[in-house]
Amino acid sequence: MSLTVIDRRSLLLGTLAFVGAASHGKAFASVADRDIAYVATARKGMKDYCVLLLRADGSIVREVPLTARGHDIAYDHASGRVAVFARRPGVFGVAFDIDKATPPHIFTPGKDRHYYGHGGFSRDGRLLYTSEADVESESGLIGIYDVERGYKKIGEHPSYGIGPHEIMLLADGKTIAVGNGGLDTVPDAGRENLNVDTMEPSLAFVDAESGKLVAKHAMTGDLKSLSIRHVTQDKTGLIWFGGQWEGSPSETPQIVGSAGLDRALKLVDAPGGGMDLRGYIGAMAVSNDGRFIAASAPKAGHVLYVDSETGAVVGKSDLKDVCGLSSEGEHNFAASSGFGVIRYETAQARVISEHALQDIAFDNHLRRIA
């Protein structure tokens, strides 16, 4: 199955309109990097999509227009570059410098490819990695883009699974962790999952340079319907993941867990289990000290906090339609919601402060600019 001509023509017209509008307005006025604390994609009003650059108090420093809904954000600390990815199964990416008054770069995954909404920069900032799919073969890919050549696509690695969602370059600077959701989606079918009965979720570790598989842990048996979606890494190097249950709601298992290169998948024993979290984790984050893990459950309106040293749940907060998560300070977190709320809280779920933006619906992810 391939993308239609109309889809590609619409994308081209939309991205040209994006560049024309954004490069002539205040959206790209230069702003000191120190003023910006967070970057998030959002809906403004009823139908306008954008990237928001926010101060720590939640106020908007700048907004960058998008022609369609965005998802996650990659940030390169050294250069101040930001890359935003279309929501799956999208076919556009937008990159810009936070503190430079220059138009954005628009990039696409290429023929018969689409994005899954996530990506990250290499340690030196020269490359951008993205989670993608080959539409014809239904196989997952890690796209590789040359930043200095205008985000030109220069290669691909296999993700060793179907439906790679969040990918992240690990602290070693050479290994990419891939949450292979196991679900097949294509642009022509929108967000419909095409292979729920045969899905094969896994957590894969891929060598960033060679593309070789380093390790892989698959969901098997009663857990084959648990799609691995989002990932983060603790201070010991362990990967923590959040899933999406595609089986019967009455059989929902625990949906937050961990694994390592040489450590098998292990699920957290959370009170109420996966049913209490409504079977879906929308984002994962780790505290700056690397100890506490946060997992948002937007359908349930909860954020679950886990102590990575003990594997025990240490807190659970309530916030309607919460999804975006980021670290804030040594061991606190920021959370954003679809109702325009940004809340700061501790890993023990104590609320520190809360701010609400009018006519803003934050999308799934929140990225800290440190």
Side-chain angles (χ1 to χ4, degrees), residues 36-64 66 68-73 75 84-88 117-118 165-166 191 229-230 232 242-244 255-256 270 272 274-287 292-306 313 315-329 332-369:
I36 301 169
Y38 296 98
V39 181
T41 57
R43 188 187 74 237
K44 185 178 181 182
M46 296 302 296
K47 60 180 180 179
D48 295 326
Y49 296 102
C50 60
V51 184
L52 295 179
L53 283 68
L54 306 163
R55 296 183 181 90
D57 64 3
S59 60
I60 299 173
V61 177
R62 192 164 98 227
E63 58 186 77
V64 180
L66 294 176
R69 187 172 175 180
H71 194 66
D72 198 11
I73 308 100
Y75 174 60
V84 179
F85 310 98
R87 188 186 191 218
R88 72 170 179 96
H118 289 268
H165 197 66
E166 185 163 19
R191 290 174 59 78
R229 313 295 290 168
H230 298 103
T232 194
Q244 177 174 322
I255 58 174
V256 175
M275 291 184 67
D276 183 60
L277 302 175
R278 298 284 299 276
Y280 174 58
I281 296 299
M284 300 286 292
V286 62
S287 58
F292 295 103
I293 304 298
S296 64
K299 294 180 180 179
H302 296 316
V303 179
L304 191 74
Y305 293 106
V306 179
V313 174
K316 186 180 74 172
S317 65
D318 300 316
L319 180 60
K320 188 176 181 180
D321 200 27
V322 61
C323 200
L325 289 173
S326 185
S327 60
E328 175 59 34
N332 297 331
F333 292 87
S336 59
S337 83
F339 291 92
V341 173
I342 291 184
R343 176 190 285 179
Y344 299 100
E345 54 190 34
T346 70
Q348 290 71 39
R350 179 178 63 84
V351 176
I352 300 170
S353 64
E354 184 175 297
H355 313 275
L357 281 69
Q358 297 297 316
D359 297 321
I360 293 295
F362 287 112
D363 220 305
N364 294 58
H365 297 284
L366 184 68
R367 186 67 58 191
R368 186 67 162 96
I369 301 301

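Computed from a predicted model, the values in this text were never measured in an experiment.
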Test ring-ring contact (aromatic ring centres under 6.0 Å, His included) on F333 and Y305 and set out the steps. CA-CA 10 Å; F333 292 87; Y305 293 106; 5.3 Å; yes
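Counting heavy atoms from C-beta outward, R229 and I255 have side chains that stay 4.5 Å or more apart. The shortest distance between side-chain heavy atoms of D321 and P298 falls below 4.5 Å. In this structure, Q244 and H165 have side chains that are not in contact, with every pair of non-hydrogen atoms separated by 4.5 Å or more. Looking at V64 and L66, their side chains never come closer than 4.5 Å, going by heavy atoms from C-beta outward.
Taking the side chain to side chain donor-acceptor pair (under 3.5 Å) definition, one finds that T346 meets it with nothing, sequence neighbours left out. In this structure V306 satisfies the side-chain contact (heavy atoms from CB on, under 4.5 Å) test together with W240, V268, I293, L304, V313, sequence neighbours excluded. Remark: Y280 pairs with no residue by the ring pair (Phe, Tyr, Trp, His ring centres under 6.0 Å) rule, at least two apart or across chains. Contacts of D48 classified as side chain to side chain donor-acceptor pair (under 3.5 Å), with partners at least two apart in sequence or in another chain: none. D276 is linked by a salt bridge (Lys or Arg N to Asp or Glu O under 4.0 Å) to K316, counting only residues two or more places apart in sequence or in another chain. Taking R278 as the reference, nothing meets the salt bridge (Lys or Arg N to Asp or Glu O under 4.0 Å) condition, with sequence neighbours excluded. For the side-chain contact (heavy atoms from CB on, under 4.5 Å) test, residues two or more places apart in sequence or in another chain that qualify with S326 are Y38, L366, R368. In this view, Y344 satisfies the side chain to side chain donor-acceptor pair (under 3.5 Å) rule with no residue, not counting sequence neighbours. Residues passing the salt bridge (Lys or Arg N to Asp or Glu O under 4.0 Å) test with E166, sequence neighbours excluded: none. Listed by chain and number, the residues in a side chain to side chain donor-acceptor pair (under 3.5 Å) with S327 are N288 (sequence neighbours excluded).
Expressed to the nearest 0.5 Å, how far SG of C323 lies from CD1 of I281 amounts to 9.0 Å. Taking CG from L319 and OG from S296, the interatomic distance works out to 10.0 Å, rounded to the nearest 0.5 Å. How far CZ of R55 is from CD1 of I342: 12.0 Å, rounded to the nearest 0.5 Å. Taking OG1 from T232 and CE from M284, the interatomic distance works out to 6.5 Å, rounded to the nearest 0.5 Å. A distance of 8.0 Å separates CZ in R87 from OH in Y49, rounded to the nearest 0.5 Å. Taking CD1 of I36 as the start and CD1 of I60 as the end, the distance is 12.0 Å to the nearest 0.5 Å.
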Under 3.5 Å, which donor-acceptor pairs link side chains of residues 39-46 to any protein atom two or more places apart or in another chain?
residue : atom : partner : partner atom : Å
T41     : OG1  : H71     : O            : 3.0
R43     : NE   : G45     : O            : 3.0
K44     : NZ   : E63     : OE1          : 3.1
K44     : NZ   : E63     : OE2          : 3.0

Can you give the donor-acceptor pairs under 3.5 Å from side chains of residues 349-359 to other protein atoms, not counting sequence neighbours?
residue : atom : partner : partner atom : Å
E354    : OE1  : R343    : NE           : 2.9
E354    : OE1  : R343    : NH2          : 3.0
H355    : ND1  : D57     : O            : 3.3

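The backbone N or O of I73 lies less than 3.5 Å from a partner atom in the side chain of R367, making a donor-acceptor pair.
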